[in-house]
**Q** 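Let me give you the structure first, and then I'll get to my questions.
The first residue in the sequence is number 1, and the count goes up from there. As a basis for the values below, the full set of heavy atoms in this structure was taken, side chains included, without hydrogen atoms, waters or symmetry mates. Quick caveat: nothing in here was measured; it's all calculated off a predicted structure.
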Amino acid sequence: MFYELLCITRAGLMEANFKDLVRNSAKHVLERGGVVRGFENWGEMPLAKRIRRHQVYHTRGHFWLMHFDTNPVVITELRKMFNNDPRVIRGNIVKLGERLEDIIERPDKTH
């Protein structure tokens, strides 16, 4: 199944810590038979509202996106991993479709 992960990490996080979090997320998917389709780094932005996470209030966050294919068991493990990681303010995983072809329309099938 095809998923999209939008993750908000703490603002001001050192680049090495940020890269480690992204690497561990991708590695977690890959080690369990999944496929990572791509990443997007949206950078640091203000949050829509103040969020309390791990006993700290946050007003800014570093946003990044990951597209991947995997099974639902891995999704549960990723959610647990993000809930326990103090670098993560919020992680949201959305199922985009059963297959990549469900999301991308083929030219021979458009009207």
Side-chain angles (χ1 to χ4, degrees):
M1 293 185 223
F2 192 61
Y3 294 94
E4 177 179 82
L5 162 69
L6 174 62
C7 190
I8 306 170
T9 57
R10 290 183 329 193
L13 196 63
M14 293 187 67
E15 188 175 347
N17 283 335
F18 174 71
K19 286 182 179 181
D20 182 56
L21 178 63
V22 173
R23 187 180 307 114
N24 286 343
S25 303
K27 192 174 169 184
H28 192 82
V29 171
L30 293 172
E31 286 176 348
R32 285 150 183 83
V35 176
V36 176
R37 301 281 178 191
F39 293 98
E40 288 181 41
N41 184 1
W42 291 359
E44 194 173 304
M45 295 185 274
L47 301 173
K49 62 179 186 174
R50 187 173 72 157
I51 298 175
R52 184 172 187 225
R53 187 70 174 166
H54 302 292
Q55 301 176 353
V56 177
Y57 286 99
H58 302 276
T59 57
R60 296 187 62 79
H62 191 112
F63 291 71
W64 59 279
L65 193 73
M66 179 171 80
H67 290 102
F68 59 98
D69 296 316
T70 192
N71 61 51
V73 175
V74 176
I75 298 302
T76 306
E77 293 171 358
L78 274 174
R79 283 194 175 118
K80 286 180 186 175
M81 185 176 88
F82 288 137
N83 283 338
N84 295 329
D85 195 327
R87 299 173 291 188
V88 177
I89 297 172
R90 176 122 343 129
N92 189 20
I93 301 173
V94 179
K95 179 180 172 185
L96 298 177
E98 294 292 325
R99 298 183 315 268
L100 187 60
E101 292 81 28
D102 294 342
I103 291 101
I104 300 172
E105 294 185 27
R106 292 185 4 205
D108 58 338
K109 296 218 174 190
T110 57
H111 301 297

**Q** What heavy-atom pair brings Asn17 and Arg87 nearest, and what distance separates the two atoms?
**A**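 Looks like O-NH1, 3.2 Å.
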**Q** Is the ring pair Phe2/His67 parallel, tilted or perpendicular, if the boundaries are 30 and 60 degrees?
**A**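 Geometry flag for His67 against Phe2: parallel rings.
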**Q** Is a donor on one side and an acceptor on the other found under 3.5 Å between the side chain of Asn84 and the backbone of Lys80?
**A**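 Yes; judged by distance alone, with no hydrogens or angles, the pair exists.
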**Q** Kindly compute the distance separating CD1 (Ile8) from CH2 (Trp42), expressed to the nearest 0.5 Å.
**A**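 It comes to 9.5 Å.
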**Q** Please answer whether the main-chain N or O of Asn83 pairs with a side-chain N or O of Arg53 as donor and acceptor at a distance below 3.5 Å.
**A** yes
**Q** Starting at CD1 of Ile89, measure out to NE2 of His54 and round the result to the nearest 0.5 Å.
**A** 9.0 Å
**Q** Does any part of the side chain of Asn71, heavy atoms only, come nearer than 4.5 Å to the side chain of Arg32, both counted from C-beta?
**A** no
**Q** Going from CZ on Arg50 to NE2 on His58, what distance comes out if it is rounded to the nearest 0.5 angstrom?
**A** 11.0 Å
**Q** First locate atom OG1 of Thr70, then atom CD1 of Ile93, and finally report the distance between them rounded to the nearest 0.5 Å.
**A** 9.5 Å
**Q** Measuring only between side-chain heavy atoms, which start at C-beta, is Val29 closer than 4.5 Å to Leu78?
**A** yes
**Q** Tell me if a side-chain donor or acceptor on Asp20 pairs with a main-chain N or O of Arg23 at a distance below 3.5 Å.
**A**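 No, the answer is negative, given that no donor and acceptor are paired below the 3.5 Å cut-off.
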**Q** Just wondering, do Lys95 and Pro72 contact through their side chains at under 4.5 Å, heavy atoms?
**A** no
**Q** Any side-chain donor paired with an acceptor under 3.5 Å for Asn41 and His62?
**A**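 Checked: Asn41/His62 side chains pair up, N/O donor to acceptor below 3.5 Å.
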**Q** Do the ring planes of Phe68 and Tyr3 sit parallel (below 30°), tilted (30 to 60°) or perpendicular (above 60°)?
**A** parallel
**Q** With a 4.5 Å cut-off on side-chain heavy-atom distances among I, L, V, M, F, W and Y, is there a chain of contacts connecting Leu47 to Phe82?
**A** no
